[in-house]
Undergrad: 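Right, I'll just put the structure down here and ask away after.
Proteins come first, then strands; the chains are lettered A, B, ... in the order of their sequence lines, and each starts at number 1.
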2 protein chains.
Amino acid sequence: MGRERRPTLDTVAREVGVSRATVSNAYNRPDQLSASLRERIIMTAAALGYAGPDPVARSLATRSGGSVAVMLGSRLSAAFSDPALSIVLDSLADTLDVERSMLLMPGVEGGPRRESVARAHADVAVAYSLPDDCAALVEVERRGLPLVVIDQPVLPGSAMVDVADRAGAALAASHVVGLGHRDVGVLAFALHADGVSGPPSAERVATSRYRVTRERMAGYVSVLDAPPVWETPGCLRDHGREGAHWLLRQVPRPTALLCMSDELALGALRAAHDLGLRVPEDLTLVGFDDTPAAQWADPPLTTVRQDLVDKGRIAAELAISLLDGARPGPSRTLPTTLVERASTAPR
Amino acid sequence: MGRERRPTLDTVAREVGVSRATVSNAYNRPDQLSASLRERIIMTAAALGYAGPDPVARSLATRSGGSVAVMLGSRLSAAFSDPALSIVLDSLADTLDVERSMLLMPGVEGGPRRESVARAHADVAVAYSLPDDCAALVEVERRGLPLVVIDQPVLPGSAMVDVADRAGAALAASHVVGLGHRDVGVLAFALHADGVSGPPSAERVATSRYRVTRERMAGYVSVLDAPPVWETPGCLRDHGREGAHWLLRQVPRPTALLCMSDELALGALRAAHDLGLRVPEDLTLVGFDDTPAAQWADPPLTTVRQDLVDKGRIAAELAISLLDGARPGPSRTLPTTLVERASTAPR
DNA sequence: TTGTAGGCGTTATCAG
DNA sequence: CTGATAACGCCTACAA
């Protein structure tokens with residue numbers, strides 16, 4: 001099994017009897033040589049089994065061409081099971097130029113491993129809702145990679161796109177209060193990355209590493225007065241179901257639940273079902289994100305809408321402009337709006 | 001904004017007064033030099049703002065270090081909305097060595113663009129259920145990248161992992177027939193990438209570009225006699241719902257539906273609900289995949305189980321072994337089993 | 001323990 | 001239109 005060296009640009013050049021530069025031009029600047037010569041070069045290249053310019057070598061020479069490193073705060077399973085993230089990622093990938101792919105860097109404990117960031121062939125990074133003290137971000141800075149942040153953290157020198165989470169949460173809270181609900185529970189997602197679930201202490205809430213969670217909580221609390229809160233360990237439907245069971249056991253029993261995501265709300269819907277409560281007659285439910293599943297639900301979910309497609313698109317655009325040498329501008333904050341459907345009703 | 005050149009290994013070497021090799025060793029082979037010298041090197045490197053060895057240059061020199069290119073047949077949104085795929089990818093990423101990330105290459109029309117594969121910094125590729133004539137695969141071959149195929153296509157020279165789809169489908173069909181059902185409908189996913197939906201012609205079935213679809217269909221048909229079939233344009237729940245509505249309008253109305261995925265089955269469940277049919281009393285439903293949603297459903301779904309986590313893990317292991325120079329062995333076929341839950345009942 | 005020299009496969013610049 | 005020549009930034013024998 002002789003590990004025979006693969007042909008290179010030079011092999012082809014020698015065979016054709018031209019210089020390497022000419023062969024390179026044959027691939028990258030067809031207008032720089034006669035069609036016939038080019039043809040001859042391509043032919044012999046094929047005959048030699050030359051696979052075309054090596055992407056890595058090309059990148060070294062051009063100092064570019066890597067992909068976009070997308071850093072996630074969670075494992076892929078968690079990432080994929082979060083519809084909101086899927087939509088953002090899809091839109092991001094869609095907007096990226098064809099020649100740049102996404103280098104997905106899953107997180108282990110609050111972010112990708114620093115080492116993997118150090119080795120990544122990327123010339124721009126996108127951080128998706130990462131904890132402020134994420135080691136991977138230190139590495140990004142050390143490498144001097146242009147950075148686009150989605151949601152978190154707020155970092156000088158990086159471009160950023162986020163969402164009016166707090167205002168949106170306040171909208172949700174005001175809505176249910178306006179409907180006459182006095183006993184309102186909150187279904188929050190993780191405040192820390194320790195997998196703990198249950199009613200969190202005030203301190204735990206205050207010290208949350210997750211900006212989105214903090215903001216949404218702040219929005220709820222700006223309207224509500226010390227509501228009962230259940231913290232879930234993740235954003236899965238099951239988690240929402242579990243938390244809702246607890247919340248609905250409180251006395252007085254909440255007549256409305258504000259949920260930090262649609263998935264959580266869907267879990268709560270299930271819990272209501274378990275307990276024989278009708279939505280919205282016996283229980284009012286508000287989600288967050290407005291993912292497709294929210295409209296799909298029975299009843300369709302009232303929720304706080306954020307434009308996830310826009311979020312991904314803008315992140316990609318920012319990444320591209322950074323690549324083009326633009327300075328990161330002020331952060332772009334997308335609006336949130338309340339979408340009233342059938343899961344909310346007057347008390 | 002002077003685009004000042006970033007320091008390199010050489011800059012550091014000169015500053016410290018040693019050779020580049022020594023600096024390189026300071027990073028890659030700490031045991032090759034005294035701790036004190038190493039320390040001095042690292043310090044000045046930091047002072048100079050040297051970010052450590054450039055990943056691209058390193059890869060060029062070592063001829064390795066790229067990531068694993070994962071080629072998908074669909075856009076990411078579609079990919080993510082398919083729970084089965086999510087699980088496989090997660091398991092795949094999880095098994096990969098820490099230093100290799102996944103380069104996600106979404107497909108546009110049946111696969112990634114050939115051009116993007118040509119430029120990818122990858123030293124191994126994983127194809128996930130791609131059409132046989134996928135251009136991206138030609139490029140993979142041209143580049144001589146080691147290839148691991150999941151499900152499709154069957155390609156000489158590549159490692160492969162797939163699933164006993166046909167046998168599994170036959171299992172499902174036998175199960176419902178054994179239960180006494182005579183009128184059985186089939187909810188199939190896309191046979192072609194043209195977005196068409198409806199009852200497909202025999203020719204359309206026979207010429208399907210998708211192996212998984214063909215195999216499952218073959219499994220059903222090996223037991224059933226010319227069942228009514230509805231082809232969905234995708235694997236979304238909505239699609240399943242739409243198709244089920246049509247199937248349930250046929251005369252005689254099917255008393256059982258075999259669905260090519262759990263998502264489709266869940267859509268069918270919804271359709272049954274729409275029509276006031278009880279499952280399993282009035283309608284028997286069988287899914288495929290055994291994703292978490294299947295157990296979650298109400299009623300929990302009888303389905304054909306495949307081990308998606310294994311599938312991803314094995315794909316990753318194959319990729320790694322290919323990277324280590326192993327020859328692709330015979331294809332690994334994972335078993336399918338029938339998981340009986342509450343969505344099936346005797347006629 | 002350190003340094004030297006050669007190579008990795010391209011691209012870019014600038015003459016001819 | 002073509003070809004030297006010099007980067008690009010690093011790795012790795014091998015010699016000292």
Side-chain angles (χ1 to χ4, degrees), chain A residues 3-42 45 48-66 99 118-123 143-145, chain B residues 3-41 44-45 48-66 99 118-123 143-145:
Chain A
R3 241 189 200 311
E4 40 186 313
R5 192 168 287 328
R6 312 205 58 189
T8 75
L9 208 53
D10 197 54
T11 320
V12 179
R14 202 158 323 180
E15 180 74 18
V16 180
V18 296
S19 78
R20 287 177 311 193
T22 303
V23 179
S24 173
N25 282 336
Y27 283 94
N28 304 309
R29 307 182 181 179
D31 53 310
Q32 294 294 299
L33 57 148
S34 67
S36 64
L37 176 55
R38 180 174 131 88
E39 174 109 355
R40 212 169 90 232
I41 291 178
I42 302 291
L48 255 39
Y50 174 65
D54 178 290
V56 175
R58 182 208 290 268
S59 282
L60 178 59
T62 58
R63 294 202 263 323
S64 87
E99 37 226 64
R119 306 177 110 84
H121 289 203
D123 32 38
R143 281 188 54 177
L145 284 182
Chain B
R3 239 187 203 307
E4 39 185 317
R5 192 168 284 331
R6 310 205 58 187
T8 75
L9 208 54
D10 196 54
T11 319
V12 179
R14 203 159 321 180
E15 180 74 19
V16 180
V18 297
S19 78
R20 287 179 313 196
T22 303
V23 179
S24 173
N25 282 335
Y27 284 93
N28 304 309
R29 306 182 180 180
D31 53 311
Q32 295 293 301
L33 45 103
S34 69
S36 64
L37 177 55
R38 181 175 131 88
E39 173 109 354
R40 212 169 91 230
I41 292 178
T44 33
L48 255 41
Y50 175 64
D54 178 290
V56 174
R58 184 210 291 269
S59 283
L60 178 58
T62 59
R63 290 202 274 316
S64 87
E99 37 226 67
R119 307 177 108 85
H121 289 203
D123 32 39
R143 281 188 54 177
L145 285 182

Undergrad: Considering residues at least two apart in sequence or located in another chain, which fulfil the salt bridge (Lys or Arg N to Asp or Glu O under 4.0 Å) criterion with D123(B)?
TA: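 Expected list: R100(B).
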
Undergrad: I'd like to check Y50(B) versus L9(B) (side-chain heavy atoms, cut-off strictly below 4.5 Å). Are they in contact?
TA: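 Yes, their side chains come closer than 4.5 Å.
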
Undergrad: Between T22(A) and dG3(D), is there a side-chain N or O to OP1/OP2 distance below 4.0 Å?
TA: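 It does, given that an N or O in the side chain of T22(A) lies less than 4.0 Å from OP1 or OP2 of dG3(D).
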
Undergrad: Within the structure shown, what part of the strands sits under 4.0 Å from V18(A) by heavy-atom distance: base, sugar-phosphate, or nothing?
TA: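 Sugar-phosphate, backbone atoms only, no base.
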
Undergrad: Within this structure, what is the CD-to-P distance between Q32(A) and dG16(C), rounded to whole angstrom?
TA: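 In whole Å, dG16(C) P lies 18 Å from Q32(A) CD.
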
Undergrad: In degrees, rounded to 10°, what is the bend between the two ends of the helix from dT1(C)-dA16(D) to dG16(C)-dC1(D), using five pairs at each?
TA: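 Inter-axis angle at the termini of the helix from dT1(C)-dA16(D) to dG16(C)-dC1(D): 30°.
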
Undergrad: Over how many whole Å does the gap from I41(B) atom CD1 to dC10(D) atom C1' extend?
TA: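 For the pair I41(B) CD1 and dC10(D) C1', the rounded distance is 15 Å.
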
Undergrad: Looking only at the side chain of R63(A) (C-beta and beyond, no hydrogens), which of the listed nucleotides dT2(D), dT2(C), dC8(D) gets closest?
TA: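 The nucleotide sitting nearest to the side chain is dC8(D).
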
Undergrad: Name all residues meeting the side chain to side chain contact (heavy atoms under 4.5 Å, CB included) criterion together with I42(A); count only those two or more places apart in sequence or in a different chain, and write none if there are none.
TA: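 Only Y27(A), R38(A) meet the side chain to side chain contact (heavy atoms under 4.5 Å, CB included) criterion with I42(A).
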
Undergrad: Could you list the residues that satisfy side chain to side chain contact (heavy atoms under 4.5 Å, CB included) with E39(A), not counting sequence neighbours?
TA: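 Partners of E39(A) under the side chain to side chain contact (heavy atoms under 4.5 Å, CB included) test: M43(A).
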
Undergrad: Strictly under 3.5 Å: I want the nitrogen or oxygen pairs between protein and nucleotides 10-14 of chain C, one per line.
TA:
| from | atom 1 | to | atom 2 | distance (Å) |
| --- | --- | --- | --- | --- |
| dT10(C) | OP1 | Y50(A) | OH | 2.7 |
| dT10(C) | OP1 | D54(A) | N | 3.1 |
| dT10(C) | OP2 | L9(A) | N | 2.5 |
| dT11(C) | OP1 | N28(A) | ND2 | 2.8 |
| dT11(C) | OP1 | R58(A) | NH1 | 3.3 |
| dT11(C) | OP2 | S24(A) | OG | 2.6 |
| dT11(C) | OP2 | N28(A) | ND2 | 3.2 |
| dA12(C) | OP2 | R29(A) | NH2 | 3.1 |

Undergrad: Using every non-hydrogen atom in the two residues, find where A120(A) and P55(B) come nearest and quote the distance to one decimal.
TA: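 So the minimum-distance heavy-atom pair works out to O-CG, 3.7 Å.
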
Undergrad: Nearest-Å distance, CZ (R14(A)) to P (dA4(D))?
TA: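 In whole Å, dA4(D) P and R14(A) CZ are 12 Å from each other.
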
Undergrad: Side chains of V23(A) and V16(A): does their closest heavy-atom pair fall under 4.5 Å?
TA: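 Heavy-atom side-chain distance check fails, nothing below 4.5 Å.
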
Undergrad: Kindly compute the distance separating OG (S19(A)) from CG (N25(A)), expressed to the nearest 0.5 Å.
TA: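 Answer for the OG-CG pair, S19(A) versus N25(A), is 8.0 Å.
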
Undergrad: Report the residues that fulfil side chain to side chain contact (heavy atoms under 4.5 Å, CB included) with R20(B), sequence neighbours left out, ordered by chain and then residue number.
TA: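 R20(B) satisfies side chain to side chain contact (heavy atoms under 4.5 Å, CB included) with D10(B), A13(B) once adjacent residues are dropped.
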
Undergrad: What does L60(A) touch in the nucleic acid at a heavy-atom separation under 4.0 angstrom: a base, only the sugar-phosphate, or nothing?
TA: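 Answer is base: heavy atoms of L60(A) come under 4.0 Å of a base.
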
